[in-house]
Amino acid sequence: MELKGSGKVIIANWKMNLAVHESVQVIRRLRKLLDTRQVPDSIELVVCPSYDALTAVREELSGSKIRLGGQDVFWQEKGAYTGEVSASMLVAAGVSHVLIGHSERRKYLQETDEMVNKKVTVALAAGLIPIICVGETYEERSIGHTDLVLMRQTIEGLKGIPLHTGQEIIVAYEPVWVIGTGQAIEPPMAEHASEVITQSLIDLYSKGIVESQTRIIYGGSVDETNIRDFLNLQKISGALVGTASLQPEKFISLLALL
Ligand code: PGA
């Protein structure tokens, strides 16, 4: 398994936006644009469509370096869990990465750190790269609890989960209060959050493991006006992009800046 590429990772989170035929169109357009625009080879690209579009998107991605990601996973392997999808089902659909604990799931579906922990466990066991989303709400920031929240979500989400050779995790720092607003945070705030998350990871794993098997990325209103500011930060290894990843032209112009 390829570990922790030296370049940056850009993850497109389409959320519940594109139906199957729209997802296919976006990928076709994206691939065409990628042929004509300069995007550094070192950039790793992952797209996360809705479950129903995974197979069609995988077919469209054949022969490309773009990887496929899931937006969630359930912690049981199989059985009477209506509406859920297991890690092995994702693997069978060609998925390599999976978002876990996105703030929208924490907010609308009451997902807890304990559930995140179970999901990360099964994702790693299935050979997937979990992208664990952590981040504070506006209220938490305004009472000075940002660092505490980041530490709690990182430690509770990962405690008791060993990272074996060849396994990798990505932690996405996503301040909840800027997601989807069009207004990102100041880059130094992301740098600070990355330091807090790194310290929490070092509490769980050895420094060597943290350096070679974990990466921290930023997400929250990333677009072509600010992507460089975040990716230039030494402690930020990539970006999780929502809104700006839905339009191929916009997404490509963002990638072409890297
Ligand atoms: P946004 O979404 O880029 O639209 O803010 C990011 C995310 O929620 O992952």
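- Side-chain polar atoms of E136 and Y173 form a donor-acceptor pair below 3.5 angstrom.
- When the side-chain hydrogen bond (donor to acceptor under 3.5 Å, both in side chains) test is applied to K15, the partners found at least two apart in sequence or on another chain are E104.
- The environment of E249 atom CD is dense: over 12 non-hydrogen atoms of other residues, nucleotides or ligands sit within 6.0 angstrom.
- When all heavy atoms of W177 and T181 are compared, the closest pair comes out as O-CG2, 3.5 Å.
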(message) With salt bridge (Lys or Arg N to Asp or Glu O under 4.0 Å) as the criterion, how do K65 and E44 come out once you've worked through the C-alpha distance, each side chain's angles and the decisive distance to 0.1 Å?
(response) CA-CA 8 Å; K65 276 177 27 190; E44 292 168 54; over 6 Å; no
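- Nearest heavy-atom pair, S221 versus N226, reported as atom, atom and distance to 0.1 Å: O-ND2, 3.0 Å.
- A salt bridge links K207 to E211: at least one charged side-chain nitrogen sits closer than 4.0 Å to a carboxylate oxygen.
- Looking at every heavy atom in both residues, V95 comes nearest to G70 through CG1-N, 3.6 Å.
- Using modelled atom types and a 3.5 Å distance limit, the side chains of T214 and E168 yield no donor-acceptor pair.
- For the 3.5 Å distance criterion, the side chains of E195 and T198 fail to qualify, holding no donor opposite an acceptor.
- Not counting sequence neighbours, the partners of D72 by the side-chain hydrogen bond (donor to acceptor under 3.5 Å, both in side chains) test are R105, K119.
- Counted by atom type alone, E174 and H102 present one or more donor-acceptor pairs between their side chains at under 3.5 Å.
- Between V176 and S103 the shortest heavy-atom distance is CG2-CB, 3.6 Å.
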